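Letters go in sequence order (proteins before strands), and every chain restarts at 1. The structure displayed is predicted, hence computed values, not measured ones.
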There are 2 protein chains.
Amino acid sequence: MTANKDKETGSERISEAEYAVMEALWQRSPQTAAEVCDTVCEERGWSMPTVKTLLSRLVAKGALATEPDGRRFLYTPLLERHTYVGGESKRLVQRLFGGRAAPLFAQLAENEALTEEDIAEIERLLREMKK
Amino acid sequence: MTANKDKETGSERISEAEYAVMEALWQRSPQTAAEVCDTVCEERGWSMPTVKTLLSRLVAKGALATEPDGRRFLYTPLLERHTYVGGESKRLVQRLFGGRAAPLFAQLAENEALTEEDIAEIERLLREMKK
DNA sequence: CTATTCAGACTACAGATGTAGTCATAACGC
DNA sequence: GCGTTATGACTACATCTGTAGTCTGAATAG
């Protein structure tokens, strides 16, 4: 997985369209191209060629693995959702908040992006962190 | 400023290179193109034409205003840093965390991206929010 | 066995982005 | 007033991203 990790932190990033495909496969994999399209094409307004392109690019980026199944491939993520999401979060914090999380939190609080459930959850996490 | 706000939330986004230019002008404005270059060119490895292009694109996007000063322009942000940063934060949360902030917080906590100062600050903010 | 199908491989193109070069001219300096 | 200069306007090109079309042939179906 080390090589895969390099891909994530290197210059090849997963684009937003590619992320939508990854999300579908994180939820359920392995899947064929047609199955992925069933999952995302209606909601994204894509057609099958689009999905196939994105899958192909993700394979080239090392984010997906392929397993032949008859004449088609079964696609499986090599890049974990957790890894991707963590990288993107950290990147935003570093890029816009000087690497500090508190200003981000303040920003979200100010935008009323924090629900009561969020607050309760964060408090619980803070308590755990103090142990 | 309403029109400007539309620009931010519309399809025209500020790219990363453009953001670097904005950051320089948020720190100090108005500035001329040459002054902006003095600020960012060495650190980014850019030359003057690059900065000029980015400034020009930002003006076209409505993020910067120009004021003639002799044969050159003084550039001033129309898009506030606060607005931009808030939009990007919200966008990440919506895109990767289903619109919920707590999972983002948990992610940052897990990545050891939270300093003790961050935690203290967040606790303070939580207390204020409960008033 | 044959006809059909479907999915990967390959291609296309527009727009966005990153980085930079060229040129004309109004402003500047002497 | 004249020569110089700096800067905006315009252009260039490579890469990335978004979206999709075409084609071939191996797998599939009958």
Side-chain angles (χ1 to χ4, degrees), chain A residues 7-25 30-76 84 88 91 95, chain B residues 7-25 30-76 84 88 91 95:
Chain A
K7 284 288 181 185
E8 169 59 23
T9 59
S11 56
E12 288 184 305
R13 295 189 54 209
I14 304 298
S15 70
E16 286 199 30
E18 289 163 352
Y19 163 75
V21 169
M22 290 301 296
E23 193 64 77
L25 287 164
Q31 278 193 63
T32 64
E35 286 168 339
V36 172
C37 189
D38 286 343
T39 305
V40 303
C41 283
E42 193 171 327
E43 138 195 325
R44 303 281 308 203
W46 290 340
S47 59
M48 189 60 185
T50 301
V51 169
K52 287 191 291 182
T53 300
L54 295 171
L55 285 167
S56 180
R57 286 180 186 169
L58 284 164
V59 169
K61 287 179 179 178
L64 290 182
T66 55
E67 179 190 352
D69 175 47
R71 66 188 167 183
R72 61 201 178 176
F73 286 157
L74 291 172
Y75 295 91
T76 300
Y84 173 72
E88 291 291 296
R91 194 167 157 277
R95 195 168 74 91
Chain B
K7 284 289 183 185
E8 169 59 22
T9 59
S11 56
E12 289 185 301
R13 295 190 53 210
I14 304 298
S15 70
E16 286 199 32
E18 288 162 354
Y19 163 74
V21 170
M22 290 302 295
E23 192 66 76
L25 286 164
Q31 278 193 63
T32 64
E35 287 169 338
V36 173
C37 188
D38 286 343
T39 306
V40 303
C41 283
E42 191 171 330
E43 142 195 322
R44 302 282 305 204
W46 290 339
S47 59
M48 188 63 187
T50 300
V51 169
K52 286 191 293 183
T53 301
L54 296 171
L55 286 167
S56 180
R57 287 179 184 169
L58 285 164
V59 169
K61 287 179 179 179
L64 290 181
T66 55
E67 180 189 353
D69 175 47
R71 67 188 167 182
R72 63 201 178 176
F73 286 158
L74 290 172
Y75 295 92
T76 298
Y84 173 73
E88 291 291 297
R91 191 164 161 280
R95 194 165 75 89

For the backbone of A:Ala24 and the side chain of A:Gln31, can you confirm whether one donor and one acceptor N or O come within less than 3.5 Å of each other? yes
What side-chain donor-acceptor pairs closer than 3.5 Å can you find for residues 67-74 of chain A, not counting sequence neighbours?
unit_1, atom_1, unit_2, atom_2, d
A:Asp69, OD2, A:Arg72, NE, 3.4

Where is the tightest heavy-atom contact between A:Ala33 and A:Val51, given as atom of each residue plus distance? O-CG1, 4.0 Å
Taking distance alone, no hydrogens or angles, what donor-acceptor pairs closer than 3.5 Å link side-chain atoms of residues 36-50 of chain A to residues at least two apart or in another chain?
unit_1, atom_1, unit_2, atom_2, d
A:Thr39, OG1, A:Glu35, O, 3.0

Using a 4.0 Å heavy-atom cut-off to protein, can you give one letter per nucleotide of nucleotides 25-30 of chain C, 5' to 3': B if the base is in contact, S if only the sugar-phosphate is, - if neither? -BBS--
Which two nucleotides bound the region of DNA chain D that has atoms under 4.0 Å from heavy atoms of chain B, read 5' to 3'? D:dT5 to D:dA9
Could you give the distance from CG (A:Leu54) to OH (A:Tyr75), rounded to the nearest 0.5 Å? 11.0 Å
Given atom NZ of A:Lys52 and atom P of C:dC10, what is their separation to the nearest angstrom? 13 Å
Atom CZ in A:Arg95, atom CD in B:Glu88: separation rounded to 0.5 Å? 5.5 Å
Do A:Leu55 and A:Leu25 come within less than 4.5 Å of each other through their side chains, counting heavy atoms only? yes
What residues from residues 30-42 of chain B pass a heavy-atom cutoff of under 4.0 Å to DNA chain D? B:Ala33, B:Ala34
Please work out if B:Tyr19 contacts a base, only the sugar-phosphate, or nothing of the nucleic acid, heavy-atom cut-off 4.0 Å. nothing
Toward the 5' end of DNA chain C, which comes first, A:Leu55 or B:Ser47, by nearest nucleotide? A:Leu55
Output for pair (B:Leu64 CG, B:Arg57 CZ), nearest 0.5 Å, gives 13.5 Å
Residue set satisfying side chain to side chain donor-acceptor pair (under 3.5 Å) with A:Thr76, at least two apart, ordered chain then number -> none
Give each protein N/O atom lying under 3.5 Å from an N/O atom of nucleotides 12-18 of chain C, with the pair distance.
unit_1, atom_1, unit_2, atom_2, d
C:dT17, OP2, B:Lys61, NZ, 3.0
C:dG18, OP1, B:Ala17, N, 3.4
C:dG18, OP2, B:Ser15, OG, 2.3
C:dG18, N7, B:Arg57, NH1, 2.9
C:dG18, N7, B:Arg57, NH2, 3.4
C:dG18, O6, B:Arg57, NH2, 3.1

